[in-house]
Amino acid sequence: MLCPCGSTLLFNTCCKLFITQKQVPCTAEQLMRSRFSAYATKEGQYIFDTYSATAQLKLSVPEIQVWADECLWLALVVHNSTESMVEFSAYYLVDNTLYELREKSNFTLEQERWCYIDGDIIVHKELISNNGTSTIKRSDICPCNRFPTAWSIKKGKKFKHCCAR
Ligand SMILES: [Zn+2]
Ligand SMILES: [Zn+2]
């Protein structure tokens, strides 16, 4: 399986190494990508563990797990990154509707590990499909086809045979 983070590497040789704690991300962008992959593979504990200590006080693993489970994470596009900031768009489906969440996320090192502090949402909207509505019909080409690096992609397949549930 391709890595959900869009690196075009295999999941086993990319973000899975971080999620299973075999390696530690060296940069904020690596950490951010691995958090997206953890959402995509529904690893709530990893998402929790990679928040900053202060952010963790206001969160719980079950709460994160609900959000990860509810969404089908389709693709990640990193727009730009600095040492401690990453701006990205995450694309996901809920109730057969495609959403874009574009965020500028802030990261910091805590005990020599990168962690997520918080983010500013730039865009959070429904994306309109070819038929002019935001609801994807089961006979439409699956929206993951819009994202060449989407890990779930089955080229040219109808939604009902691809990412639909
Ligand atoms: Zn990855
Ligand atoms: Zn699909």
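Every number for a ligand or one of its atoms is a count from 1 in the order of the listing. Positions are given from 1, in the same order as the sequence printed here.
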- [ ] Give the minimum heavy-atom separation between S34 and C15, together with the two atoms involved.
- [x] CA-SG, 3.6 Å

Open item on the list: So for atom CD, which belongs to E63, do other residues, nucleotides or ligands contribute more than 12 heavy atoms lying within a distance under 6.0 Å?
Closed with: yes

TODO: Give me the protein N, O or S atoms that fall under 2.8 Å of the Zn ion (ligand 1), sorted by chain and residue number.
DONE: C3 SG, C5 SG, C14 SG, C15 SG

Open item on the list: Only to 10 degrees, please: what angle do the SG atom of C144 and the SG atom of C162 make about the Zn ion (ligand 2)?
Closed with: 100°

TODO: Examine the side chains of T41 and E43 and answer whether a donor and an acceptor come within less than 3.5 Å of each other.
DONE: no

TODO: Measure from the side-chain N and O atoms of N145 to the backbone N and O of G156, and report whether any donor-acceptor pair falls under 3.5 Å.
DONE: yes

Task: Ring geometry between F147 and Y91 (parallel below 30°, tilted from 30 to 60°, perpendicular above 60°) - done: tilted

Open item on the list: Can you check the angle at the Zn ion (ligand 2) formed by SG of C142 and SG of C163? Round it to the nearest 10°.
Closed with: 110°

Open item on the list: What I want to check is whether the side chains of E126 and T97 have a donor and an acceptor closer together than 3.5 Å.
Closed with: no

Open item on the list: Can you pull out every ring pair (Phe, Tyr, Trp, His ring centres under 6.0 Å) where at least one residue sits in residues 93-115? Sequence neighbours excluded, please.
Closed with: Y92-Y99, F107-Y116

